[in-house]
Amino acid sequence: MQRPVAPQAREFLRQLRQPRQFRIPRPPLDPAQAEWIAAVLDEVAAAEALAEQARAPRGAGTDALLGAAVGIWRALRKLDRQSGALSAADLRQVRRQVHASRQALADDGLEIQEHDGMPFDSGQSLEALVFQDEPGLDREVVLETVRPSVYFRGERIQMGQVIVGRPAPDHPTAPEDGPVPEDTPVPEQSPAPGT
């Protein structure tokens, strides 16, 4: 009586995992067993290819999502800044549609992160394009997001670009080389030693 195909094939595959000098010689497989092993190996290769595609955060689909996300973000910013050209009803409708599109992307795992007004630290994963002095700031702050950070299913696929405001350097309030007012006392100088 012949043993079922699967157990013999499993034994054969187990032997292939061992170094050549430790393998127990087996008689060659019959055609049905060889066919079954080939099918299993094909399925393993297909599963590995699918797993590799799932691990890769970027691909043709991700690039399209990234383009859509940035386009929606730019449209929303423009609509928020320039609301005078459209009627109020048209503006509300466009804003609602863009927000719905952005929400659909978010539901699929695409997050668009804006950085305006956030404290800035040089250790953050942001690209600072410009640093500019701003009076009234007591620490570095993101003044404007030029390009948002974009995350797809928890992995960053685009680093944000920002303009950073930093505290203006302190300037002395009195002029350094101006005339001294008459009522200002002049400090006395002590005589030099030996005179």
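Bear in mind the structure is a predicted one, so any value in this text is a computation, not a measurement.
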Minimal non-hydrogen separation, Pro167 against Arg139, with atom names
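Reported closest heavy-atom pair: CG-N, 3.6 Å.
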
Evaluate the side-chain proximity of [Y] to [X]: yes if any heavy-atom separation is below 4.5 Å, no if none is.
X	Y	answer
Ile163	Val142	no
Leu110	Ile157	yes
Met118	Val141	no

How many angstroms lie between atom CD of Glu114 and atom CZ of Arg147, to the nearest 0.5 angstrom?
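Between atom CD of Glu114 and atom CZ of Arg147 there are 14.5 Å.
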
Do Gln113 and Glu111 have a side chain donor and acceptor closer than 3.5 Å?
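Per modelled atom types, Gln113 and Glu111 side chains form no pair under 3.5 Å.
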
Taking Asp121's backbone N and O only, do any of them form a donor-acceptor pair with Gln124's side chain (distance below 3.5 Å, no angle check)?
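Checked: pair present.
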
For Asp116, does its backbone N or O pair with a side-chain atom of Thr145 as donor and acceptor, under 3.5 Å?
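Yes: the side chain of Thr145 pairs with the backbone of Asp116.
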
Partner residues of Val164 under the side-chain contact (heavy atoms from CB on, under 4.5 Å) criterion, sequence neighbours left out
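With sequence neighbours excluded, Val164 shows a side-chain contact (heavy atoms from CB on, under 4.5 Å) to Phe120, Ala128, Phe131, Glu140, Val162, given in chain and number order.
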
For Asp107, check side-chain contact (heavy atoms from CB on, under 4.5 Å) against everything at least two apart and list the hits.
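Result, side-chain contact (heavy atoms from CB on, under 4.5 Å) vs Asp107: Gln103.
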
Out of Gln158, Glu127, Gln161, His115, which one pairs with Ser149 under the side-chain contact (heavy atoms from CB on, under 4.5 Å) rule?
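With Ser149 as partner, Gln158, Glu127, Gln161, His115 yield a single side-chain contact (heavy atoms from CB on, under 4.5 Å), made by His115.
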
For residues Tyr151 and Leu105: do they belong to one hydrophobic cluster (side chain heavy atoms under 4.5 Å, members Ile, Leu, Val, Met, Phe, Trp, Tyr)?
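Different clusters.
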
Start with the C-alpha gap between Arg166 and Leu137, add the side-chain angles, then the distance that decides, and say whether side-chain contact (heavy atoms from CB on, under 4.5 Å) holds.
CA-CA 6 Å; Arg166 60 183 174 202; Leu137 292 179; 5.9 Å; no

